[in-house]
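Here is the structure we will look at, set down as structure tokens.
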Amino acid sequence: MLPALDIRDLRFSYGQGYAVDGITLQIEEGLFFGLLGPNGAGKSTTIQMLCALLPPQQGSISCFGDSIVAHPRRCKQLMGVVPQEIALYEELSALENLIFWGRMYGLTLKQCRRRAVQLLNLTGLRERARDKIRTYSGGMKRRINLAAALMHEPRILLMDEPTVGVDPQSRIHIFEMLSALHKQGMTIIYTTHYMEEVERLCQRVAIIDHGRIMAEGTLAELKSLCKDESMIIVDIASTDSDNAILPEGLPFSGTRMEGETLFVPSVQPQQLLPELVSVLTQQGIGIHRTEIIEPNLEMVFLRLTGRSLRD
Amino acid sequence: MKVLDLIYKDLKIFVRDRKALFLTFLLPVALITLFSLAYGGIGNKEPKPEQVLISDMDSTALSQELVSKLESIPGIQWQSIDTATGKEAVKQGKRLAMLSLHTGYADSLAAGRLPLITLWFDEGRAMETGMLMEALSASIVPSLERNRTQQSIQGFLKVRYAGMGEGFAEGLSKEIGQYMETSSSSKEIIQAQGITTGRQVNWGLIQSVAGVAVMMLLFSVAAIGGSILSEKEEGTLKRLLGSPVPSSGIMLAKLGYAVIIAMAQLLVMFLFGWLVFTLDIWTNPLGLLLVVLATALACSSFGIFLAAVSRSRRQVEGMSTIVVLIMSAIGGSMIPLFFMPAFMQKLAVFSVNYWSIQAFYDILGRDADWAVFIWKAGVLIAIAAGLTAISLYLFRRMVRRVS
């Protein structure tokens, strides 16, 4: 089966160094794929090349086997693009905007109306269909921004940081919409610098920095890169917190004590926790609370790049 | 001190705002320069000679003498022509006027009657004709009138005092004639006759409606062109470019939109002129529609061109203000062309306004043949094609910048 997107050795430069520097990815149909990286990592440039807005200076992109450079219109027809900014006409209503964008992808007026009503239901904005976009809140605009990209029922949805400045309610609504679309079999490529969004939504993730893919895999595969950073935290009950000392004879390397909190590094914290509790209890140490810290993508990114996603 | 700091801060911001600097200093300077040039303050030392036709049907020594006198009038170039061809040239607006010395001119003068002179003029250029009449009044009318007076006195002396010697009578009549005030005005000496289309034509109204309509249209379409840049700034252009619509289609759609608005605007203005000021727009409705379409195309492509050479909507606004004002001034929208010095009149052909206004003159005032105005409409369409081609090229470059 042909991959939804086959990207090979993609490069693009705006003049000083490469904004995208040799990206190679294969994205299978039906996958929810995350492109995670800080601002300026090359995510938007990559997305712009994927939707044929920018011609690659090197490398190739195929969409279901068709070269994007050779057949841009055919490829564009298969894609829905949700840009970073709210690209809607403020003086038109939501319904008018959706119909317009549907027409741009060759839908008939009748098809546009039917599809617009479906999407307005999906976004929860049916009641406000005839209100001008300028009267919408930022979050509502974001939902219509997403709906506009779905009018022609694309097989691939490209999303460039679609939740920037979105209120929590709209964010949840957008996530629910995306989950529903993914269940229907849509391929979704989602760029963001919010680790939580990727962890919640994506099946596979590529971490990008300085235009390069630093790592790619499932969430579990990526997190396993930092499995040595898993840790058990135990708040112990002590009568003299100022003189808290590390309990003697703990058979765990790397253990350290900070105040009344015990930090125990472990690559398999779930298995180790009962043993640790048992040892501490045997030594007469009271336990207030235990917590297992698993590695997250922030740690992975830090490990791979030496800097934080928020930098 | 805080007040001074506030003033300093505002001055600093002002100096860094190129648009504010441009509007505050450069635009007024440009307009002052333009209007000074137009009204002859600068560069008007050698006004363009006005080409006037002359038809000498009398062909006598006296008529030849008058032609010689006419040729000595500064600022006017005379061109001999037969009456029929000359009248047609004036009717079509190719020449300002034709002076006809009718058969019997010399006899009439010798008999002390009013000489048979007619000035056929283009009614669409009445003000210029007035200036020509002034020049003729100052140069030839006094001598013609004196000549006629002397001939009258001499005739009277011959009849009343038959015995008086001819030489004495001639000398006496000359002497008396010099001290007599001329009784006839220049209007009586030279019969001014507008070459009309057989109906009442209000040229001032045509100038006002056509001139203002084209100028306002240019402002409107510049704003429409600027909407491409609004779309760029708001992100909808990028989204459109991500759709299967080709970039040339996006630009041509904008042009089409501008043309529709432009045609509607022009038609509303002409209909308003018809309804309120009784401007006759129905003499050649198809011709008018053609020129309206050609004007709409040229103006719209100009608006799109302005957008294509600008980087932001604010830039378009600043640029369109000065370019439209300059083009309207040199093209005759604000100041009738004949007020301007020769080189400014030559510059007029580089403006959309000029071709458009001239074509409207042809249709609304001169009832000109299709052959006369169709090529002016052709020039407008050629301007539209040229500007659109350049804009398409620039738009493709802009697309790369948008991405």
Side-chain angles (χ1 to χ4, degrees), chain A residues 12 14-15 19 44-57 63 68 71-92 97 100-107 133-134 141-142 144-146 148-149 151-152 154 156-161 164, chain B residues 220-262 264-265 303-304 307-308 310-317 391-403:
Chain A
F12 193 91
Y14 291 103
S44 292
T45 305
T46 305
I47 287 284
Q48 283 174 30
M49 284 192 278
L50 295 184
C51 63
L53 267 174
L54 276 180
Q57 289 165 344
C63 176
I68 267 185
H71 305 288
R73 278 188 222 168
R74 202 187 299 169
C75 294
K76 282 175 177 180
Q77 194 67 41
L78 296 171
M79 295 180 195
V81 183
V82 184
Q84 199 167 346
E85 58 274 11
I86 294 164
L88 297 169
Y89 295 99
E90 295 265 316
E91 292 305 313
L92 299 184
N97 264 287
F100 170 77
W101 289 111
R103 297 284 294 157
M104 291 300 102
Y105 284 85
L107 269 61
I133 290 293
R134 70 175 158 82
K141 286 179 186 175
R142 286 272 170 205
I144 298 296
N145 206 33
L146 168 59
M151 279 297 289
H152 62 294
I156 303 172
L157 185 64
L158 297 167
M159 307 185 78
D160 191 5
E161 310 237 16
V164 173
Chain B
S220 305
V221 293
I224 291 171
S227 70
I228 290 182
L229 295 157
S230 296
E231 293 218 25
K232 178 181 153 192
E233 285 157 15
E234 287 157 15
T236 46
L237 179 61
K238 195 193 271 187
R239 186 168 213 160
L240 277 171
L241 292 167
S243 77
V245 183
S247 61
S248 54
I250 296 168
M251 208 209 76
L252 291 175
K254 215 47 130 178
L255 181 66
Y257 156 59
V259 169
I260 291 168
I261 298 292
Q265 188 177 343
I304 300 291
S310 305
R311 290 199 170 216
S312 67
R313 177 140 195 150
R314 289 184 69 185
Q315 216 175 57
V316 171
E317 286 165 2
S391 303
L392 269 172
Y393 169 74
L394 293 172
F395 187 67
R396 287 204 186 100
R397 280 180 56 191
M398 185 170 90
V399 164
R400 286 200 284 275
R401 287 204 301 268
V402 170
S403 306

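Letters A, B, ... are given to chains in the order of the sequence lines, protein chains preceding strands, and every chain is numbered from 1.
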Min side-chain heavy-atom separation B/K238-A/Q48 under 4.5 Å: yes
Side-chain donor-acceptor pair present, A/Y89, B/E231, cut-off under 3.5 Å: yes
Sub-4.5 Å side-chain heavy-atom contact between B/R239 and A/L88: yes
A/I86, part contacting chain B, at a heavy-atom distance under 4.5 Å: backbone
For B/G235 against A/A87, the heavy-atom pair lying closest together: O-CB, 3.4 Å
Heavy-atom proximity to chain B below 4.5 Å, by part of A/D160: neither
Engaged part of A/E85 at the chain B interface, taking heavy atoms whose separation is under 4.5 Å: side chain
Residue part contacting chain B, namely of A/F12, when any heavy atom lies under 4.5 Å: neither
Shortest non-hydrogen contact from A/W101 toward B/T236: CH2-O, 3.7 Å
Residue of the set A/R73, A/R103, A/K76, A/M104 for which side-chain contact (heavy atoms from CB on, under 4.5 Å) holds with B/S243: A/M104
